[in-house]
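Just below is one structure, and these are the notes that go with it.
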Amino acid sequence: MVQTIINRSDVPLDARDLEMCQCVFDEVRSVAKVAKDSEEAERIAAITIELYRQGVRNPDHLKVMVGAARGLIAPREE
């Protein structure tokens, strides 16, 4: 019998997945003061979905990674 390997990225997102991604998107966009209908917002949304599909499911980790990917996180001052 041949088994089909399904990548997480091939599985459709359900309502819970989309709700979490929306919350992360809204917070990252708001903190970065990015307009909802801008190209930057589209990039933030795409990165959010891609990281989520790759397995980043913790909302706090997702926010940090999305912000870092877009260069939206300022370095900490010590």
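In this chain, numbering begins with 1 at the start of the sequence shown.
Linking ILVMFWY side-chain heavy atoms closer than 4.5 Å, directly or via other members, places Met65 and Val31 in two distinct hydrophobic clusters.
Of all heavy-atom pairs spanning Val24 and Pro59, the tightest one is CG2-O, 4.0 Å. Residues Asp60 and Asn58 come closest through the heavy atom pair N-OD1, 2.8 Å. The heavy-atom pair separating Asp17 from Pro12 by the smallest distance is OD2-O, 4.4 Å. Of all heavy-atom pairs between Tyr52 and Met20, the closest is CE1-CE, 3.2 Å.
Counting only distance, with no hydrogens or angles, the side chain of Asp26 and the backbone of Cys23 share no donor-acceptor pair below 3.5 Å. Not a single donor-acceptor pair under 3.5 Å links the side chain of Arg29 to the backbone N or O of Ala35. Of the possible donor and acceptor atoms, one in the side chain of Thr48 sits under 3.5 Å from a partner among the backbone N and O of Ile44.
Using a cutoff of 4.0 Å between basic side-chain nitrogens and carboxylate oxygens, Glu50 and Arg53 are not scored as salt-bridged.
Rounding to the nearest 0.5 Å gives a distance of 12.5 Å between CG of Leu62 and CZ of Phe25. In this structure, CD1 in Ile47 is found 11.0 Å from CD in Gln54, a value given to the nearest 0.5 Å.
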- Task: Verify side-chain contact (heavy atoms from CB on, under 4.5 Å) between Leu13 and Ile49, making sure each step is shown before the conclusion.
- Result: CA-CA 9 Å; Leu13 300 177; Ile49 295 292; 3.9 Å; yes

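Annotation for Glu19: atom CD does not count as buried by contact number, only 12 or fewer foreign heavy atoms lying within 6.0 Å.
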